[in-house]
Amino acid sequence: SPTNDEPVHLTRGAALSQPGDLNLQFEHAPLSHRLIGSLLPTEPTLPAVSHLASRPTNDRPAIAHELFWESGLDIGRTLFLGRLPIVWSGALLGAALALWTKVIARRWPAVAIVMLLYATSPNLLASAALSTTDFVAAATFFATVCAWWFYWQQPGRRRWALTGVLFGLALAAKLTGVLLLPVLFALAYVYPQGKDWRQPGLVALSLLPVAGLVLWAVYAFQIGPWRGITVPAPAYWESWASVLTHVTGGHQAFFLGEISDSGWWSYFPVTLLLKSSLPVMLLYAASLVVLLRARAWRIGAFLLLPVAAILAAAIYSRLNIGFRHVLPAVPFALLAIG
């Protein structure tokens with residue numbers, strides 16, 4: 001059965017797989033939807049989204065309802081095809097986590113333990129099995145920081161380019177990918193390179209043209225008007241305007257017996273404790289103690305700064321609609337354990 005959000009995400013994916021309709025994105029970047037829609041054209045019962053009676057309304061839930069429940073769609077196969085690329089992204093994230101663990105820990109048992117925790121993580125398993133945007137966002141966020149660490153171990157054009165491409169994919173996966181800009185900039189100063197203090201920061205900023213080009217490519221090099229000016233990827237900027245309005249206006253949520261439109265600062269810290277397995281919490285706490293005692297500040301920065309940025313942004317937004325908004329923090333916790 002489809003979960004609550006999947007019909008809308010699958011409808012967006014179907015729209016992108018047909019004429020490339022970006023008008024249904026609204027508060028979302030399109031990378032996950034392009035993946036979700038990549039296999040949908042092989043489903044013979046899938047109608048053209050543009051031909052649906054509700055399409056001119058631009059009402060996403062109404063369009064998704066018509067597509068799923070009124071068009072004769074083979075729902076079981078459509079769900080399978082939409083979810084499969086997200087499952088594959090789960091395999092890729094696992095590979096990146098195993099690689100980084102092996103290089104840092106230098107022991108295969110550490111990799112085995114991390115992979116066991118990864119393969120049995122309830123929150124990662126839940127998101128990796130659904131046609132939504134959250135897991136791809138977590139995978140690209142982690143992969144970008146991983147590539148950045150490898151770059152500073154042995155700087156070179158290929159590793160720099162790979163980081164830039166992954167950064168662009170993270171931006172195209174979810175709007176919160178923009179958090180990587182201050183994170184990558186700060187991490188550039190963890191490993192000293194040369195005597196010029198400006199060089200690491202300039203290297204970090206030099207990723208922006210590559211990332212911007214990749215982001216624009218995911219938007220199919222769209223160009224058009226946005227609020228009176230012509231810009232690349234106007235759908236991206238419109239999504240930002242919409243999500244900022246959403247954050248400012250609040251979103252009704254339930255937490256610890258209360259209902260609120262403005263959210264709670266404690267929501268995500270408490271949610272992390274409630275929804276993380278007890279072995280992972282204990283091992284993560286132990287890993288932090290070991291890092292502090294060993295004074296492993298450099299690798300500690302790569303493990304902790306991304307988590308701090310994700311949590312700070314989530315707490316500040318007060319948009320308390322699910323653990324999934326801090327999902328990118330989970331792989332970093334598993335890496336710290338390794």
Side-chain angles (χ1 to χ4, degrees), residues 1-86 126-127 129-137 172-176 218-220 222 224-227 233-254 259 261 319-322 324-325:
S1 300
T3 55
N4 185 68
D5 290 347
E6 281 188 291
V8 172
H9 288 301
L10 279 156
T11 300
R12 287 169 166 147
L16 288 178
S17 72
Q18 293 167 353
D21 186 357
L22 287 162
N23 294 323
L24 296 176
Q25 287 304 298
F26 185 72
E27 296 189 1
H28 287 279
L31 178 61
S32 297
H33 298 135
R34 290 201 181 278
L35 292 174
I36 290 167
S38 61
L39 300 177
L40 293 185
T42 65
E43 173 48 50
T45 65
L46 181 72
V49 176
S50 59
H51 294 167
L52 297 176
S54 55
R55 178 62 190 89
T57 67
N58 216 33
D59 184 332
R60 288 161 300 280
I63 299 167
H65 182 86
E66 182 181 354
L67 175 67
F68 264 69
W69 312 115
E70 299 174 6
S71 69
L73 180 69
D74 184 337
I75 297 173
R77 190 166 187 273
T78 299
L79 279 173
F80 172 77
L81 293 173
R83 289 168 172 173
L84 190 56
I86 310 301
S127 290
L130 301 177
S131 296
T132 60
T133 62
D134 304 299
F135 196 92
V136 175
K174 203 159 190 171
L175 298 181
T176 49
V218 176
Y219 276 90
Q222 179 196 39
W226 181 71
R227 303 200 173 187
Y236 179 75
W237 305 111
E238 185 57 37
S239 291
W240 261 113
S242 299
V243 81
L244 291 175
T245 300
H246 190 176
V247 170
T248 302
H251 191 109
Q252 192 173 82
F254 176 85
I259 296 176
D261 289 321
L319 200 61
N320 300 156
I321 52 176
R324 58 195 178 87
H325 284 179

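All values derive from a computational prediction rather than experimental measurement.
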(request) For E43 and R77, indicate whether the former's side chain and the latter's backbone hold a donor-acceptor pair under 3.5 Å. (result) no
(message) Whether the side chain of T45 engages the backbone of D74 through a donor-acceptor N/O pair (distance < 3.5 Å, no angle test) should be reported.
(response) yes
(request) Would you indicate whether the side-chain heavy atoms of L10 and F68 approach each other to under 4.5 Å? (result) yes
(request) Check step by step if side chain to side chain contact (heavy atoms under 4.5 Å, CB included) holds for H325 and K174. (result) CA-CA 10 Å; H325 284 179; K174 203 159 190 171; 4.0 Å; yes
(message) One thing to verify: whether D21 and R12 come together as a salt bridge, which I'm taking to mean a side-chain N less than 4.0 angstrom from a carboxylate O.
(response) no
(request) For the residue pair V243 and W240, establish whether any side-chain heavy-atom pair is separated by less than 4.5 Å. (result) yes
(request) Determine whether E238 and E27 make a side-chain contact, defined as any pair of heavy atoms from C-beta on separated by less than 4.5 Å. (result) no
(request) Answer yes or no: is there a donor N or O on one side and an acceptor on the other, between the side chain of Q222 and the main chain of A235, under 3.5 Å? (result) yes
(request) Taking only Lys NZ, Arg NE, NH1 and NH2, and the carboxylate oxygens of Asp or Glu, determine whether R83 and E6 approach each other closer than 4.0 Å. (result) yes
(message) Show the nearest heavy-atom pair for residues S239 and H28, with the distance to one decimal.
(response) OG-O, 3.4 Å
(message) Return the CG to CZ distance between L35 and F135, rounded to the nearest 0.5 Å.
(response) 12.0 Å
(message) Just so I know, are the side chains of F254 and N320 near enough to count as touching, which here means a heavy-atom distance under 4.5 Å?
(response) no
(request) Taking all heavy atoms of A172 and all of A29, pick out the closest pair and write down the distance. (result) O-CB, 3.0 Å
(request) Please report the shortest heavy-atom distance between A62 and S54, naming the atom on each side. (result) O-OG, 3.6 Å
(request) Please lay out, stage by stage, how H251 and D261 fare under the test side chain to side chain contact (heavy atoms under 4.5 Å, CB included). (result) CA-CA 5 Å; H251 191 109; D261 289 321; over 6 Å; no
(request) State, to 0.1 Å, how close S131 and L79 come at their nearest heavy-atom pair, and which atoms those are. (result) OG-O, 4.3 Å
(request) Determine, stepwise, if the pair L39 / F80 fulfils side chain to side chain contact (heavy atoms under 4.5 Å, CB included). (result) CA-CA 9 Å; L39 300 177; F80 172 77; over 6 Å; no
(request) Nearest 0.5 Å please: distance from the CD atom of E66 over to the CG atom of D59. (result) 11.0 Å
(message) For a quick test of reading the model, state the closest non-hydrogen atom pair linking A220 to R34 and the distance between them.
(response) CB-NH2, 3.8 Å
(request) To the nearest 0.5 Å, tell me how far S50 OG sits from Q18 CD. (result) 6.5 Å
(request) Measure the OG1-CG distance between T78 and L67 for me, rounded to the nearest 0.5 Å. (result) 7.5 Å
(request) Measure from the side-chain N and O atoms of Q25 to the backbone N and O of H33, and report whether any donor-acceptor pair falls under 3.5 Å. (result) no
(message) Return the OG1 to CG distance between T176 and L319, rounded to the nearest 0.5 Å.
(response) 11.0 Å
(request) Kindly indicate whether the side chain of T132, heavy atoms from C-beta on, has any atom under 4.5 Å from the side chain of I36. (result) no
(message) Return the OG to CD1 distance between S1 and I75, rounded to the nearest 0.5 Å.
(response) 9.0 Å
(request) With the side chain counted from C-beta on, respond yes when L130 and I86 share a heavy-atom pair under 4.5 Å apart, and no when they do not. (result) no
(request) Identify the two heavy atoms, one from L46 and one from L73, that lie closest to each other, and give their separation to 0.1 Å. (result) CA-CD1, 3.7 Å
(request) Check whether any side-chain heavy atom of T11 lies under 4.5 Å from a side-chain heavy atom of R55, and answer yes or no. (result) no
(request) Taking the side chain as every heavy atom from C-beta outward, state whether P47 and H51 have any pair of such atoms under 4.5 Å apart. (result) no
